[in-house]
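All remarks here apply to the structure that follows.
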Amino acid sequence: SHSDSTSELKVNSSKLSDTMVEKDLIFWHKVYRSREVKQSWFTTLITTSYATIQSLYIVYSIQPQLIICNGPGTCVPLCYSASLLKAITIGLYNPKIIFVESFCRVEK
């Protein structure tokens, strides 16, 4: 997401990343989150709508074969967009979605 630089830094610092970047196998597309931590529920309607529109554009223009996501803030709009595109194309576009749950930032 736009507000998360930690994940990209971790992947870019790995040796595997160096090889994949050289071969143009990694592309970063930052999307807005549906909801930031402690954001009011009212404004979540606006940010979720914006994140979904942005995700629809990205998924439609790139049509990725694989979507790897973690956290519902970015996952929901991306997965919704991919599912919608799959339905519209009657299954001609059929991405694989991998959701990775992470507890690495849990404080308690």
Side-chain angles (χ1 to χ4, degrees):
S1 81
H2 278 281
S3 59
D4 174 26
S5 58
T6 307
S7 300
E8 185 177 354
L9 289 173
K10 286 184 179 183
V11 171
N12 284 338
S13 67
S14 72
K15 291 183 180 181
L16 177 62
S17 174
D18 292 340
T19 304
M20 295 179 83
V21 168
E22 287 174 11
K23 295 181 180 180
D24 291 330
L25 297 175
I26 293 178
F27 301 95
W28 291 102
H29 298 280
K30 294 187 176 186
V31 296
Y32 285 96
R33 294 177 192 242
S34 295
R35 181 175 184 267
E36 295 288 341
V37 176
K38 298 182 182 178
Q39 179 181 344
S40 76
W41 287 104
F42 178 72
T43 59
T44 299
L45 294 172
I46 298 166
T47 54
T48 299
S49 298
Y50 185 76
T52 302
I53 290 167
Q54 184 187 28
S55 296
L56 280 167
Y57 173 76
I58 290 171
V59 170
Y60 177 76
S61 61
I62 297 170
Q63 296 188 10
Q65 297 174 0
L66 176 65
I67 297 172
I68 302 173
C69 52
N70 72 338
T74 54
C75 183
V76 171
L78 283 170
C79 293
Y80 172 78
S81 300
S83 297
L84 181 63
L85 187 57
K86 180 180 177 181
I88 290 172
T89 62
I90 312 169
L92 294 175
Y93 171 67
N94 190 16
K96 304 299 181 229
I97 298 173
I98 298 175
F99 178 80
V100 180
E101 183 58 76
S102 172
F103 295 102
C104 65
R105 297 184 188 164
V106 175
E107 295 176 11
K108 293 182 181 181

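Along the sequence shown, residues are numbered consecutively beginning with 1.
Residues passing the side chain to side chain contact (heavy atoms under 4.5 Å, CB included) test with Thr43 are Gln39, Ser40, sequence neighbours excluded. In terms of the side chain to side chain contact (heavy atoms under 4.5 Å, CB included) criterion, residue partners of Tyr57 (sequence neighbours excluded) are, by chain and number, Ser61. Scored by the ring pair (Phe, Tyr, Trp, His ring centres under 6.0 Å) test, Tyr50 finds Tyr32 as partners (sequence neighbours excluded). With sequence neighbours left out, the side chain to side chain contact (heavy atoms under 4.5 Å, CB included) criterion links Ile62 to His29, Ile58, Pro64. Taking the side chain to side chain contact (heavy atoms under 4.5 Å, CB included) definition, one finds that Leu85 meets it with Val59, Tyr60, Gln63, Thr89, Tyr93, sequence neighbours left out.
To the nearest 0.5 Å, atom CD1 of residue Ile67 and atom CG of residue Leu78 are 6.0 Å apart. Considering CD1 of Ile98 and SG of Cys69, their distance stands at 9.0 Å, rounded to 0.5 Å.
Cluster partners of Ile88, by chain and number: Leu56, Tyr80, Leu84. The rule joins Ile, Leu, Val, Met, Phe, Trp and Tyr whenever side-chain heavy atoms lie under 4.5 Å apart.
No donor-acceptor pair closer than 3.5 Å links the side chain of Ser55 to the backbone N or O of Ser81.
Annotation for Leu92: atom CG counts as buried by contact number, over 12 foreign heavy atoms lying within 6.0 Å.
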